[in-house]
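In what follows, a structure is listed as structure tokens, so that the remarks can point back to it.
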Number of protein chains: 2
Amino acid sequence: MSQFEEISSALSFGGKQLTLAHGSKATGTTMRLSVFLPPAAKDGRVPVVYYLSGLTCTEENFTVKAGAQRMASELGLIVVAPDTSPRGEGVPDSPDYDLGQGAGFYVDAVQAPWSTHFKMYSYVTQELPGLIEEQFPVRRGAAGIFGHSMGGHGALTIAMRHPDIFKSVSALSPIVAPSAVPWGRKAFTAYLGADEAAWKEHDACYLARERGFPGQILVDQGTADPFLEEQLQTQRFIDTLKENRQSAKVRMQPGYDHSYFFIATFIDDHLRHHARMLNG
Amino acid sequence: MSQFEEISSALSFGGKQLTLAHGSKATGTTMRLSVFLPPAAKDGRVPVVYYLSGLTCTEENFTVKAGAQRMASELGLIVVAPDTSPRGEGVPDSPDYDLGQGAGFYVDAVQAPWSTHFKMYSYVTQELPGLIEEQFPVRRGAAGIFGHSMGGHGALTIAMRHPDIFKSVSALSPIVAPSAVPWGRKAFTAYLGADEAAWKEHDACYLARERGFPGQILVDQGTADPFLEEQLQTQRFIDTLKENRQSAKVRMQPGYDHSYFFIATFIDDHLRHHARMLNG
């Protein structure tokens, strides 16, 4: 692994759970990520699924809390979870949890002071898949993407813009209408500027209307999620999908909240969705 | 829940994952614990399994990292994970990770300054089961105990001394010979005093020789565990079990380390072991 420094490695469900670091060209910082290699990756090329985390998370939260390794091992999926932003000294930050480090929003910032390092869109769509395919036994043309909350926004928008790279997509508690909700409006104003025209290509509802996705979209959303009403507004996405006859399964899960307890409960379904699409 | 204050509650695999706090008579402090209630606990009494964590852990590590809820939900087990020591201002501590707060070693300290609050043995064997049976739909006579590392030591020693309370026992990477290894000798000297005669009743190898356990003991231990040689010395337990014809399954798991990635990999087997013993 010439490009990656191995921070840690542990056997997990017969596979290997790695934490890696590398110097990123996109962000100009050291980026961390976790990579799970299923047992099947020893014997041949397998599909890869990218998981994008939510606000405040690093590469670690999903890796230790979601319980994805069991099913990824069984299905033979490589699972890659990058950090949610550039970090470190010299990288701009904000005192707020929803802006700056830990809150990259999967866009390429064009506004100062963010524009130097906050290039998570380029990182996730170009640099990261390139490196992963170079270093691990990924089957060509078999990459999927999913994520949670801010990462659900990242997964949906990136998949709809790059169906050539990501052949399957799903999301848990995603931000679906960032241009219309406080989290999204704050981040987009800071990173992309006040001209809302520049926001559209990072808005899942806009993209579902204008582009759609060639495969079925799977979304799970808890009805007891404290962010549902103000920040997530899943109904906007449901309506848009329906209007545009997008193949999708959006499941409102009664009583579930926004936590990793929710994610862990439905992670198997999401991994199975990706395996089905990528192996089909 | 008159005795417990609810810190948090989340739906998880159709069950309820609670974090609770209460004023403990045994420790004289506020103790935290996590309780998972499977869906079956809505309809009737079910078995309970107590999980004791290792050094430095709180009630949270197991709860968010082990992935126990899926199988506990399926098997219909209540799972209770207490904190590993009293904590807070006024509670003695040590700068070392292996003594003081986070390192109660499941004994009742008799040496100053620990003897005021460090009563984890009484807490786990008496106060906690009493409260849990009072507040939750536990089936009488259907309690098991397991744990990891220091908590594996706690589970094995407590089960062998109280087979009337705990009808099933298992351990992951347990300390099995605390009287003979640095972690145990340090903690027992501080908590129980220099007279090693007082240590015996907290030593799993001694208890396996002198008492044994009426049911089968399940132990999993990773061969790549960095603590295996100096602190765990599983072979001592294997030899003792053999000499005393104790029914046991001790599995050396090739390549696994001491982490929650190891625990998560084998947690289903442990929960199945307890369900089998408690429902049989």
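In what follows, chains are A, B, ... by sequence order, proteins preceding strands, each numbered from 1.
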Practice item. Let me see the working for B/Leu218 and B/Phe146 under side-chain contact (heavy atoms from CB on, under 4.5 Å), right down to the final yes or no. Key: CA-CA 9 Å; B/Leu218 171 65; B/Phe146 70 141; over 6 Å; no
Exercise for review: Please report the closest heavy-atom contact between B/Leu278 and B/Pro47, naming both atoms and the distance.
Suggested key: CD1-CB, 3.8 Å
Check your understanding: Which heavy atom of B/Leu241 sits nearest a heavy atom of B/Ile217, and at what distance?
Key -> CD2-CD1, 4.3 Å
Practice item. Could you please spell out the steps behind the side-chain contact (heavy atoms from CB on, under 4.5 Å) verdict for B/Leu232 and B/Phe237? Key: CA-CA 9 Å; B/Leu232 305 178; B/Phe237 198 51; over 6 Å; no
Revision key, fill the gap. Pair count under 4.5 Å, heavy atoms only, with chain A: among B/Gly67, B/Ala66, B/Gly222, B/Ala264, highest is B/Ala264
Review point. Out of A/Phe262, A/Phe13, A/Phe266, which one racks up the most heavy-atom pairs below 4.5 Å with chain B?
Key: A/Phe13
Write out the donor-acceptor pairs between chain A and chain B under 3.5 angstrom, atom names and distance to 0.1.
unit_1: A/Phe13; atom_1: N; unit_2: B/Thr265; atom_2: OG1; d: 2.9
unit_1: A/Gly14; atom_1: N; unit_2: B/Tyr256; atom_2: OH; d: 2.8
unit_1: A/Tyr256; atom_1: OH; unit_2: B/Gly14; atom_2: N; d: 2.8
unit_1: A/Thr265; atom_1: OG1; unit_2: B/Phe13; atom_2: N; d: 2.9

**Study point:** Between CZ on residue B/Phe4 and CG on residue B/Leu33, distance to nearest 0.5 Å
**Key:** 5.0 Å
Check your understanding: Quick one: CZ on A/Phe227 to CG on A/Leu55, what's the gap to the nearest 0.5 Å?
Key -> 8.5 Å
Check your understanding: Under the side chain to side chain contact (heavy atoms under 4.5 Å, CB included) test, which residues partner B/Ala171, sequence neighbours left out?
Key -> B/Leu156, B/Pro174, B/Val219
